[in-house]
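What follows is a single structure, written as structure tokens, with notes after it.
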Amino acid sequence: MAPPRSFLWSRRIFLTLLAGFVLIPVYVMISSSLKPLADVTGTFRWLPSEVTIRPYIDIWSTVPLARYFVNSLIVAGAATVCSVVIAVFSAYAVSRHTFRGKRVFTVTVLSTQMFPGILFLLPLFLIYVNIGNATGIALFGSRGGLILTYLTFSLPFSIWMLIGYFDSVPRDLDEAALVDGCGPLGALFRVVVPAAIPGIVAVAVYAFMTAWGEVLFASVMTNDTTRTLAVGLQGYSTLNDVYWNQIMAASLVVSVPVVAGFLLLQRYLVAGLTAGAVK
Amino acid sequence: MTATAPTAEAAARKSSPGAARGPRRPGRIRRVGLPYLLLLPAVLLELLVHLVPMVIGIVMSFKELTQFYIRDWGTAPWAGLDNYKVSVDFDAPVGAALLHSFFVTVAFTVLSVGLCWLLGTAAAICLQDTFRGRGLLRALFLVPYALPVYAAVITWVFMFQHDNGLVNHVLHDQLGLTDKPSFWLIGDNSFFALLTVSVWKGWPFAFLIVMAGLQNIPRELYEAAALDGAGMIQQVRRITLPSLRPVNQVLVLVLFLWTFNDFNTPFVLFGKAAPEAADLISVHIYQASFVTWNFGTGSAMSVLLLLFLLAVTGVYLVLTSRGRRTAP
């Protein structure tokens, strides 16, 4: 049945307005990144007076953007790999085995997800400072220390998502593998993991995305050499000038990889959310 | 972060006993120990990053932990309940500011979650049937969600600038709606600036979840309703919304926790000290701890926040599960 005309019109208007709301900041980001400095310091203009790629060249020298990029890549990458690998084992245990304490484990992991990051920030900060004083191991300000703090959100999240994905892999598959003489780990790596690959990839992308955008821990737990993009972008505003065109160019550069990855893999993410949320 | 709770609930339901145990084999002992072995790394890390810090956080909240004791916090003198007393003494400056921040956060959270849900649901329903441009719009709508928080929020900071921002240019120069350019990132307007950014960034998540929920409503229901003469609006009211109820219950809880705890958005928007009208609780605690260096009070505030969140979540879960049982 075709929807009524009035619905089609109101839908068209609503979707246009919504697309405008969504797109205007994206347009501002892109267009301002191509403007000369004079265009972004005066009254706002919708169109650049001249299009220049200068900001894209200058962003690398105004602040050490490349170093921040590498730091973000290492921290977000390591946190993602750690949490996904560890989550694969525990999600398999929860999804395929019954054991004492399973409920305690699942409830604990679930509840730590709802706690505000600020709750863990203070104690972790003090723990790092004290470990540093006692042993000389500099966790505070190091990439390793930051990676560890990122596990506070990426680990429970990965465990939850993977339990959902593993549950959607038919049990018969790995039971058949067990009957055929595979050990439980063999069944996990030869059957369950390959079958859940799209889910594992989606979880990894999502964990990476969250770590890539994290501000709270990054702003407290980093120093000059380990600073990530989240904190580093503040470097474009100096006492005298705010290089808005460069800020927009840098924002775009740091956004493109994650947005592209997300849009490519969002199909799997939706599938996972459906499997978990709706069943 | 919190985006995962939907899967969580379903898994929690599944984890109840009853899963079939395989036949006993020679390797039974190894298999009984196996789940624990598999969980070991996760449990160790959970202890390290969640449980130990939480215990320390609670201990800290009973200590007089100022900057003088940070190097060796164990030696800080005990404060008993002083940190809590200061936090909830609403007549004194610290308590009054915390209470104010709490009310701002509640108002902000209710408005933001409501608007995110409304926009997300409306957009998902609009994109339910296929038409030209649907795939493009769908991808487009997810962009704010995929953008790194600081990149997205910094763009809004630029748009909200007093002299060279788009918002004042449009409202004042182009439409003439305001007498003079307004300040958006200080003063009372900052609340609306924060709300706008939060909704812009958050609604696509509601859209994503509702869209996933819609896929699970059988088409026959709509066909039957159409045969019975139900119009579009009736179909949405009688079929779509009731069918989405379990999804919505999880979604609203997740959005609530996510918005209530949000630190990234206000921090990038306003910096270390948010304007009074937009002083969200996370930033408030951050400021109490890392700007005024009073970790004891900061910890007490964190514990109070945690207790509040646990209470709200508990009440919400009880209410929604009762609704589920009595629902037809």
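Computed over heavy atoms, backbone and side chain alike; hydrogens, waters and symmetry mates excluded.
At least one side-chain heavy atom of A:Val28 sits under 4.5 Å from a side-chain heavy atom of B:Phe158. Contact of the B:Gln161 side chain with the A:Trp244 side chain is registered, since non-hydrogen atoms from C-beta on lie closer than 4.5 Å. Here the side chains of B:Gln174 and A:Phe44 are not in contact, with every heavy-atom distance at 4.5 Å or above. When side chains are defined from C-beta on, A:Met209 does not count as touching B:Pro148, because their heavy atoms never get closer than 4.5 Å.
Both the backbone and the side chain of A:Leu229 have a heavy atom closer than 4.5 Å to some heavy atom of chain B. Only the side chain of A:Phe14 comes within contact range of chain B, judged by heavy atoms closer than 4.5 Å. Within the 4.5 angstrom heavy-atom criterion, atoms from both the backbone and the side chain of A:Met29 approach chain B. Both the backbone and the side chain of B:Thr196 come within contact range of chain A, judged by heavy atoms closer than 4.5 Å.
Judged by a 6.0 Å distance limit and a 45° cone about the ring axis, A:Arg12 is not positioned over the six-membered ring of B:Phe131.
The most heavy-atom pairs under 4.5 Å with chain B, out of A:Leu252, A:Thr43, A:Val107, A:Val26, come from A:Thr43. Top candidate by heavy-atom pairs under 4.5 Å with chain A, chosen from B:Ala122, B:Cys126, B:Gly57, B:Ala42, is B:Cys126.
Ring pair A:Phe120/B:His50 is tilted by interplanar angle, where 30° to 60° counts as tilted.
The two residues B:Leu140 and A:Val22 make their nearest non-hydrogen contact at O-CG1, 3.6 Å.
Counting only distance, with no hydrogens or angles, the side chain of B:Tyr150 and the backbone of A:Gln234 share no donor-acceptor pair below 3.5 Å.
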